[in-house]
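Report on the structure given below.
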Amino acid sequence: MSIPMDSILHAPTPEAWVATAVERWREMLVDHANCEKKAASTALALIFAYPEDHALTLALSRLAREELRHFEQVQKMMLTLGVDFERQQPGRYASGLRSFIRTSEPGRKLDLLLSGALIEARSSERFRLLSGRLQQPLGGFYATLERSEARHFELYVNLARAEAPEQWRERLSLLAEREAELATAADPVFRFHSGPPG
């Protein structure tokens, strides 16, 4: 059983964010590199946290390798486009989502998987929105990444469904409400997963 990616996002990315990303694409690309590293580290953290879950560790080992390949591709794109790496202040998105994750089991594992699904779904949505607005080669690169992020979203959803067949939908809806607030509310810091600048 599959679930449409856009159906779990409770609000679309605001046009103001897209317009800012097109204008400030260099800044966004630097944060994108950081996002790929974080995605790999998240997968590895889950492997270390739940080593007894064979299906999870196998799937997320593959995912971590793919995320690191994406990081390498972003670094190459930065070199091609003459974008220097800069240290950036973390945005509020990931920490805001983490604040709603339960701290005890079994709820914590389910929430971590669902938050991973939401992040990947938002990433895929934003790659789709940007792919037709950014100049080449970045636009084409983001079109490719949109498909990858959609697969990652499906992976996290399937792991969550296996973990809690009766609870995952309700919990996903609750977390998606928080994610939508973070992705759409005015944000003092512009990042790949931020709300529109404000």
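- Residue E52 qualifies as enclosed at atom CD: its count of foreign heavy atoms under 6.0 Å is above 12.
- Pairing each heavy atom of P14 with each of A183, the nearest pair is CD-O, 3.6 Å.
- L97 contributes atom CG, which lies 6.5 Å from atom CD of E179 (distance to the nearest 0.5 angstrom).
- The closest donor-acceptor contact from the side chain of E177 to the backbone of L172 lies at 3.5 Å or more, if one exists at all.
- The hydrophobic clustering, which links ILVMFWY residues whose side-chain heavy atoms are closer than 4.5 Å, places V83 and L130 together.
- For the pair S115 and R98, the minimum side-chain heavy-atom distance is 4.5 Å or more.
- In the displayed structure, Q135 atom CD is contacted under 6.0 Å by at most 12 heavy atoms of other residues, nucleotides or ligands.
- V18 has its side chain out of reach of R126: every pair of non-hydrogen atoms, C-beta onward, lies at least 4.5 Å apart.
- The shortest non-hydrogen separation linking A185 to R92 is O-NH2, 2.9 Å.
- For the pair S99 and G96, the tightest heavy-atom approach, listed with the atom from each and the gap, is OG-O, 2.6 Å.
- Side chain of E125 to backbone of T13: a donor-acceptor contact under 3.5 angstrom is found.
- Here the options are F71, F192, W25, the test is ring pair (Phe, Tyr, Trp, His ring centres under 6.0 Å), and the partner is H32; only F192 passes.
- The closest donor-acceptor contact from the side chain of S173 to the backbone of E170 lies at 3.5 Å or more, if one exists at all.
- Here the CZ atom belonging to F153 is positioned 15.0 Å from the OG atom belonging to S148, to the nearest 0.5 angstrom.
- Side-chain atoms of Y50 and E105 include a donor-acceptor pair closer than 3.5 Å.
- Under a hydrophobic-cluster definition in which Ile, Leu, Val, Met, Phe, Trp and Tyr are linked whenever side-chain heavy atoms come within less than 4.5 Å, directly or via other members, V157 and L114 are assigned to the same cluster.
- If you chain together hydrophobic residues whose side chains sit under 4.5 Å apart, L129 and L9 never meet in one group.
- The shortest side-chain heavy-atom distance between F100 and L175 falls under the 4.5 Å cut-off.
- In this structure, the side chains of Y156 and L118 stay at 4.5 Å or more apart for every pair of heavy atoms.
- Looking at M78 and R26, their side chains never come closer than 4.5 Å, going by heavy atoms from C-beta outward.
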Working for salt bridge (charged side-chain N to carboxylate O under 4.0 Å, His left out), residues R69 and E72: CA-CA 5 Å; R69 284 197 301 273; E72 294 167 5; over 6 Å; no
Criterion side chain to side chain contact (heavy atoms under 4.5 Å, CB included) on H70 and Q75, from CA distance to verdict: CA-CA 9 Å; H70 290 169; Q75 281 195 311; over 6 Å; no
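- Under the 3.5 Å distance criterion, the side-chain polar atoms of Q136 are matched with a main-chain donor or acceptor of G140.
- Atom CG of D111 is separated from atom CG of L174 by 9.0 Å, given to the nearest 0.5 angstrom.
- Side-chain atoms of T184 come within 3.5 Å of backbone N or O of A180 as a donor-acceptor pair.
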Quick one: side chains of residues 39-47, donor-acceptor pairs under 3.5 Å with protein atoms, not counting sequence neighbours, listed by atom name and distance.
| from | atom 1 | to | atom 2 | distance (Å) |
| --- | --- | --- | --- | --- |
| S41 | OG | K37 | O | 3.4 |
| S41 | OG | K38 | O | 2.9 |
| T42 | OG1 | K38 | O | 2.9 |

Take N34 and F85 through the side chain to side chain contact (heavy atoms under 4.5 Å, CB included) test and state the conclusion after the steps. CA-CA 10 Å; N34 290 324; F85 180 82; 3.7 Å; yes
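- Contacts of R147 classified as salt bridge (Lys or Arg N to Asp or Glu O under 4.0 Å), with partners at least two apart in sequence or in another chain: none.
- A side-chain donor from one of H152 and E66 sits under 3.5 Å from a side-chain acceptor of the other.
- In this structure, CG on L182 lies 9.5 Å from CZ on R122, to the nearest 0.5 angstrom.
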Where do L60 and L155 land on the side chain to side chain contact (heavy atoms under 4.5 Å, CB included) test, with the steps shown first? CA-CA 9 Å; L60 293 185; L155 171 62; 4.1 Å; yes
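- For the residue pair S61 / R65, a side-chain donor-acceptor distance below 3.5 Å is found, with atom types taken as modelled.
- One finds the NE2 atom of H193 at 5.0 Å from the SG atom of C35 (value rounded to the nearest 0.5 Å).
- Side-chain atoms of S124 never come within 3.5 Å of backbone atoms of A121 as a donor-acceptor pair (strictly under, hydrogens ignored).
- For the residue pair E146 and S131, no side-chain donor N or O sits within less than 3.5 Å of a side-chain acceptor on the partner.
- By the 4.5 Å heavy-atom criterion applied to side chains, W17 and M28 are counted as neighbours.
- For the pair Q89/R191, a side-chain contact is recorded, criterion being any heavy-atom separation below 4.5 Å from C-beta on.
- The distance from atom CG of L68 to atom CD of Q73, rounded to the nearest 0.5 Å, is 11.0 Å.
- L110 approaches A164 most closely through the heavy-atom pair CD2-CB, 3.8 Å.
- With contacts defined as side-chain heavy-atom distances shorter than 4.5 Å, the pair L113/W168 does not qualify.
- Tracing side-chain contacts under 4.5 Å through hydrophobic residues (I, L, V, M, F, W, Y), one reaches V74 starting from L138; they form part of the same cluster.
- Both L81 and L134 are assigned to one and the same hydrophobic cluster, defined by single-linkage of ILVMFWY side chains at heavy-atom distances under 4.5 Å.
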Report the C-alpha distance between R178 and E181 in whole Å, list the side-chain angles of each, state the deciding distance to 0.1 Å, and finish with yes or no for salt bridge (charged side-chain N to carboxylate O under 4.0 Å, His left out). CA-CA 5 Å; R178 177 59 176 160; E181 294 172 5; 3.2 Å; yes
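- Between the side chain of D187 and the backbone N or O of F190, no donor-acceptor pair lies under 3.5 Å.
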Can E163 and K109 be said to form a side chain to side chain contact (heavy atoms under 4.5 Å, CB included), step by step? CA-CA 8 Å; E163 175 66 19; K109 182 180 181 183; 3.1 Å; yes
